[in-house]
Amino acid sequence: MFMGFGRLRIGFIALALTTFCLSVGTSALAAPLKVGVVLDKGGKDDKSFNASAYKGVTEAQKKLGITLKVVESSDDASLEASLRTFAQRGFDLVIGIGFVMVEPMTKVAAAFPKVKFLIMDGVATGPNIRSLTFKEQEGSFLVGALAALTTKTKTVGFIGGMDVPLIRRFERGYRAGVQHIDPTTKTLVNYVGSTSEAWRDPTKGKELAVSQYNRKADIIFSASGASGMGVFDAAEELKKLVIGCDSNQNGLKPGRVLTSMVKHLDNGVYATIEQAVQGKFESGTFQLGLKEGAIDYVIDSFNRPLVSPANEAKINSLKKDIISGKIKVPDYYAEAKS
């Protein structure tokens, strides 16, 4: 009887220990992934690049149940400190938005090898870093072609934010698209500035846009972050057309936005977070373009009256040719190295 009780008691202890271990394991597995995001100076309300990324992380918060903290940088000097703070506080995945994150993320990731990092629109090296870049030149080529098909003055414009190779890549693709349709169409080019302040100076953006419109441009492609809001205002006031960038901006000035060249940062960010949640995070550099559905142009109810069926068919044909390799879109990065 005593021996039976002893065996029963041991059985209860073993069961309790098993239950405890399972409980701890389940609790650990159930703990939400902690994700920290550092946006560049454009901020989540730039209605462009950062806004697209912010959409992706907030969607992941809703659907994947992650713990999310987002920081908007006041200046470039604060980027490293913001990334480091997330790593020090035990965040599982730290995301940096923008090429300005390359150097600070490389430093911080090396100091915290157990933390996973994602950089959007730049390439940072490290075994725990995932870099997502985009073939901006492909989408820029398409909207350049559409601008050339639409212009009545044979003059179009391009306004970039910060004068850096990445935005030169937009410009080069856009000019190539224009020239592909009509070599006689002129493309005016201006940049808001050479520092990160160029991403949030709508006054300067508007000033440059007014100047280009007064020089006979009737369509301007704006790749200038929050500064682009000034370009949109100029288009509305002067009754001209503008092309949006990064996110779908067709609804900002209905009837004045010819189209938007979109970069699906939201999809890229969401997919990476989902992989991390599933324990399938993969480091390395990944480049996404038209073929992957990460780059595109937009036709919706806001701009449908501005794009004829014939022009839409032409752009879709060009899109297929780029994806198949029949059309080789010039890449500023490759040209700069040669």
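Side chains are part of it too, since the values below use all heavy atoms of this structure and drop only hydrogens, waters and symmetry mates.
Side chains of Asn303 and Leu258 form no contact here, defined as non-hydrogen atoms less than 4.5 Å apart. In this structure the side chain of Lys154 never reaches within 4.5 angstrom of the side chain of Lys186, judged on heavy atoms. A 4.5 Å side-chain heavy-atom check between Leu93 and Phe281 finds at least one atom pair inside the cut-off. Counting heavy atoms from C-beta on, the side chains of Phe99 and Val164 come closer than 4.5 Å. Inter-residue side-chain proximity for Leu265 and Leu132 is flagged as unmet; no heavy-atom pair is nearer than 4.5 Å. Residues Phe158 and Ile220 are not in side-chain contact: their nearest non-hydrogen atoms beyond the backbone lie 4.5 Å or more apart. Between Ile97 and Asp121, every side-chain heavy-atom pair lies at or beyond the 4.5 Å cut-off. Contact of the Val242 side chain with the Tyr213 side chain is registered, since non-hydrogen atoms from C-beta on lie closer than 4.5 Å.
Ser52 and Asp246 share no side-chain donor-acceptor pair at under 3.5 Å. Of the N and O atoms on the side chains of Ser194 and Asp163, not one donor lies less than 3.5 Å from an acceptor on the other residue. Checked by atom type, the side-chain pair Asn316/Tyr297 shows a donor-acceptor distance below 3.5 Å.
Geometric assessment of Lys34 against the ring of Phe91 yields a positive cation-pi assignment under the 6.0 Å and 45° thresholds.
In this structure, Leu33 CG and Glu274 CD are separated by 12.0 Å, a value rounded to the nearest 0.5 Å. Here the CZ atom belonging to Phe112 is positioned 10.5 Å from the CG atom belonging to Leu83, to the nearest 0.5 angstrom. Taken from OG1 in Thr106 to CZ in Phe117, the straight-line distance is 10.0 Å, to the nearest 0.5 Å. Once rounded to the nearest 0.5 Å, the distance linking CD of Gln61 with NZ of Lys69 reads 11.5 Å. Expressed to the nearest 0.5 Å, how far CZ of Arg175 lies from OG1 of Thr185 amounts to 13.5 Å. Atoms CD1 and CG, on Ile327 and Leu318 in that order, are 4.5 Å from each other to the nearest 0.5 Å.
Both Val71 and Val94 sit in one connected hydrophobic cluster of ILVMFWY residues. Membership requires side-chain heavy atoms under 4.5 Å apart, directly or through other members.
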Discussion item. Using side-chain hydrogen bond (donor to acceptor under 3.5 Å, both in side chains), reason through Asp40 and Ser73 one step at a time and then give a plain yes or no.
Written reply: CA-CA 6 Å; Asp40 72 15; Ser73 303; over 6 Å; no

Practice prompt. Decide side-chain contact (heavy atoms from CB on, under 4.5 Å) for Val102 and Ile119; before the verdict, give the C-alpha distance in whole Å, the side-chain angles of both, and the deciding distance to 0.1 Å.
Written response: CA-CA 7 Å; Val102 170; Ile119 181 170; 3.6 Å; yes

Practice prompt. Show your reasoning for whether salt bridge (charged side-chain N to carboxylate O under 4.0 Å, His left out) applies to Arg256 and Glu236.
Written response: CA-CA 6 Å; Arg256 291 296 153 199; Glu236 181 180 47; over 6 Å; no

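Using a 4.0 Å cut-off between a side-chain N of Lys or Arg and a carboxylate O of Asp or Glu, Lys63 and Glu59 qualify as a salt bridge. A salt bridge links Glu171 and Arg168; the closest N-O separation between the charged side-chain nitrogens and carboxylate oxygens is under 4.0 Å. We find that Glu136 and Arg169 are joined by a salt bridge, their nearest charged nitrogen and carboxylate oxygen being less than 4.0 Å apart. Checked for salt-bridge contact, Asp331 and Arg172 miss the test: no charged N lies under 4.0 Å from a carboxylate O. A salt bridge is absent between Lys263 and Asp296; no separation between the charged side-chain nitrogens and carboxylate oxygens falls under 4.0 Å.
Atom CD of Glu103 is surrounded by 12 or fewer heavy atoms from other residues, nucleotides or ligands within 6.0 Å.
Applying the side-chain hydrogen bond (donor to acceptor under 3.5 Å, both in side chains) definition to pairs two or more places apart or across chains, none involves residues 275-293.
For the ring pair (Phe, Tyr, Trp, His ring centres under 6.0 Å) test with Tyr174, the passing option among Phe141, Phe221, Tyr332 is Phe221; the others fail. None of Leu79, Ile95, Leu118 except one satisfies the side chain to side chain contact (heavy atoms under 4.5 Å, CB included) rule with Met101; the exception is Leu79.
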